[in-house]
Amino acid sequence: MSDSNIVLEMKGISKIFPGVRALSNVDFTLEKGEIHTLMGENGAGKSTLIKVLTGVYEINEGTIILKGKEIKISCTQEAQSYGISTVYQEVNLCANLTVAENIYIGREPMKNGSIDWKKMNEGATKLLQERLNLKIDVKKVLNNYSVAVQQMVAIARAVDISKGILILDEPTSSLDENEVQQLFKIMKKFKQEGMSIIFVTHFLDQVYEVSDKITVLRNGELVGTYDADKLSRIELVSKMIGKDYGEIEKSTRIKKESNNIKRDNLIQINNFGRVGTINSFNMEIKKGEILGFAGLLGSGRSECARAIFGIDKSTSGSITINGKKYSYIYPQKAIEEGLGFCPEDRKIEGIVGDLTIRENIILALQANRGIFKYLPMKKQQEVAQKYIDLLKIKTPSMEQKISNLSGGNQQKVILARWLATEPKLLILDEPTRGIDIGAKGEIMELILALAKSGMTILFISSELSEVVKCCDRVIVLRDRNIIGELSGDEIEESNIMKTIAGGAN
């Protein structure tokens, strides 16, 4: 690597929030005319590093060197003044303004104290055609165009501002395959022109299609920077999850008496999916089994579960529950059919912080009864106390606000909420994330006990050891597709990792 080719160096970058060290002594180097991909699971530090570079956050430690000169970036406008431009996953443009207005917002060409509309429209048309090969009417309101076109408009604005560094933060998450390929053509064109691109993505296949280098972060620390053509997929997966494929030992599986029992189907899924979220999939969920979903961030694990429960409405296929066939389902109907769902983000989608433990526990039960069949207070208290005792929820009173509990006890309250409905299928999305070891053990024991009692569990975890220990079957996902299924003695961490990587060593 020649020093003359280096356009950006970030050295010893640390970012500390109250009680959390989001980045710890991270180094990152970007060369001229390269596509450099940032990879990492949830909490790895990718977004924080990008926000430090773009002035959203100020660093606590470290230096940023741009073209050999140390700089300080304290706001987004300052980052843009240095030629660092960003396109985020969610298109952050003004849908009610024209395409041209969006491209030049805050930088409108002026004439005699007024906006020069002719010059602005001509400039926008030329920019889109010459740089992105996109021919559209720039005088039309942005909302008239598809998400893919809006993404291109955001890129055009960023490129026009950029003086050599373009950050694309999850730009393909809302695009179909053809739109992704069009974006990649544009990225390669920019690269040939000498632009340096930082590409943030969680799609494994896309990484190898466009990347020159890959930097992997984990838990806020730098794992390493690698040439993309010298890093195998299995090595990349290993580095992201912190498990050495070559040294991995067989995890001890918890043997269950029911492992070899022939089971009937509880749910049959055919060509079920949602455009832009999860590609159409087929699946059987059997009575009394623990079915695991395994895959990296963005693989489609949670999206699959959300489609099954009806949080995200399916756009294709059918789901059959208890012999009843539906072209789509919604949460109220899912609850009526005996499904329960503990979401990945308990703080945003799970707990209701201003309500008491009692109120949180009876929430789904009350919803299933309907607003006109109010659950009497005595019954509420009986249900709440039953599950407080059963799950050993540590609280001085059921009237305590749930927001005052520890993460582990909050998770137990959400479990109690769904157990109170006596579900046939309980979907658990990352049920042990962010809780202490003791609470993790208790929840894992509970999952096994529930399955033994006849309940069906759909278990999603980024901790492969948890998946291996308790699941009867494991469905492996990558890039919004189901790519494999393991059962019995096949369920080992090494096999899951190999499947995620596409069978490559």
Side-chain angles (χ1 to χ4, degrees), residues 266 305-306 308-311 321-322 329-436 438-460:
L266 174 67
R306 290 169 67 89
I308 291 169
F309 192 69
I311 297 172
I321 308 172
N322 301 315
I329 197 163
Y330 51 92
Q332 182 62 45
K333 178 57 69 176
I335 294 171
E336 289 174 9
E337 290 290 359
L339 276 61
F341 183 85
C342 294
E344 178 180 10
D345 193 329
R346 64 173 173 268
K347 290 194 181 296
I348 293 177
E349 298 182 319
I351 68 169
V352 182
D354 288 334
L355 297 185
T356 66
I357 294 166
R358 169 184 54 80
E359 291 168 325
N360 270 275
I361 288 175
I362 62 97
L363 208 56
L365 194 60
Q366 182 63 66
N368 199 23
R369 289 169 62 92
I371 59 173
F372 298 112
K373 294 182 180 179
Y374 185 71
L375 197 65
M377 179 59 71
K378 186 177 179 182
K379 182 65 176 176
Q380 291 185 31
Q381 292 169 339
E382 286 175 2
V383 171
Q385 193 61 55
K386 174 184 175 181
Y387 289 102
I388 288 171
D389 294 340
L390 178 67
L391 302 181
K392 300 174 184 174
I393 298 170
K394 294 176 182 175
T395 176
S397 166
M398 69 175 68
E399 301 307 322
Q400 175 92 295
K401 277 191 176 183
I402 191 173
S403 55
N404 294 331
L405 298 185
S406 67
N409 282 297
Q410 288 179 356
Q411 190 72 314
K412 288 180 181 180
V413 171
I414 299 171
L415 279 168
R417 175 190 301 164
W418 293 107
L419 292 178
T421 67
E422 300 180 350
K424 296 182 179 71
L425 168 67
L426 182 57
I427 301 171
L428 302 174
D429 193 353
E430 298 284 5
T432 64
R433 174 175 288 166
I435 61 179
D436 62 52
K440 277 189 180 187
E442 289 177 359
I443 287 173
M444 293 298 288
E445 286 177 13
L446 174 66
I447 290 168
L448 291 163
L450 291 172
K452 193 172 183 180
S453 71
M455 189 180 293
T456 305
I457 307 288
L458 177 51
F459 180 69
I460 304 172

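The figures that follow rest on heavy atoms only: side chains count, while hydrogens, waters and symmetry mates do not. Residue indices begin at 1 and follow the sequence shown.
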Nearest-0.5 Å distance that lies between atom [atom1] in [X] and atom [atom2] in [Y]:
| X | Y | atom1 | atom2 | answer |
| --- | --- | --- | --- | --- |
| Lys424 | Leu266 | NZ | CG | 8.0 Å |
| Ile457 | Cys342 | CD1 | SG | 9.0 Å |
| Ile427 | Thr456 | CD1 | OG1 | 11.0 Å |
| Ile361 | Lys412 | CD1 | NZ | 12.0 Å |
| Lys392 | Lys394 | NZ | NZ | 9.5 Å |
| Leu415 | Ile393 | CG | CD1 | 8.5 Å |

Heavy-atom pair with the smallest gap, counting every atom of [X] and [Y]:
| X | Y | value |
| --- | --- | --- |
| Pro431 | Phe459 | CG-CE1, 3.5 Å |
| Gly310 | Pro331 | O-CD, 3.2 Å |
| Leu458 | Ala305 | CD2-CB, 4.5 Å |
| Gly340 | Pro423 | N-CB, 4.1 Å |
| Trp418 | Phe341 | NE1-O, 2.7 Å |

Which residues pass the side chain to side chain donor-acceptor pair (under 3.5 Å) test with Lys333, sequence neighbours left out?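 With neighbours one apart ignored, the set is Glu336.
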Is the shortest side-chain heavy-atom distance between [X] and [Y] below 4.5 Å?
| X | Y | answer |
| --- | --- | --- |
| Ile402 | Thr356 | no |
| Glu359 | Val352 | no |
| Val413 | Thr395 | no |
| Gln380 | Met398 | no |

Ile329 and side chain to side chain contact (heavy atoms under 4.5 Å, CB included): which partner among Ile311, Ile308, Ile321?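 Looking at Ile311, Ile308, Ile321, the match for Ile329 under the side chain to side chain contact (heavy atoms under 4.5 Å, CB included) is Ile321.
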Intermediate values then yes/no, side chain to side chain contact (heavy atoms under 4.5 Å, CB included), Ile357 and Asn409: CA-CA 10 Å; Ile357 294 166; Asn409 282 297; over 6 Å; no
Check the pair Met377 / Arg358 against side chain to side chain contact (heavy atoms under 4.5 Å, CB included), numbers first and verdict last. CA-CA 10 Å; Met377 179 59 71; Arg358 169 184 54 80; 3.6 Å; yes
Sequence neighbours excluded, every pair satisfying ring pair (Phe, Tyr, Trp, His ring centres under 6.0 Å) that has a member inside residues 375-410: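 Passing the test, one end in residues 375-410: no pairs.
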Please test Met455 against Leu419 for side chain to side chain contact (heavy atoms under 4.5 Å, CB included), starting from the C-alpha separation and ending with a verdict. CA-CA 10 Å; Met455 189 180 293; Leu419 292 178; 3.9 Å; yes
Tell me whether Gln366 contacts the main-chain N or O of Leu375 through its side chain, where contact means a donor paired with an acceptor under 3.5 Å.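 Yes: the side chain of Gln366 pairs with the backbone of Leu375.
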Decide yes or no on side chain to side chain contact (heavy atoms under 4.5 Å, CB included) for Leu426 and Ile447, but give the supporting numbers first. CA-CA 10 Å; Leu426 182 57; Ile447 290 168; over 6 Å; no
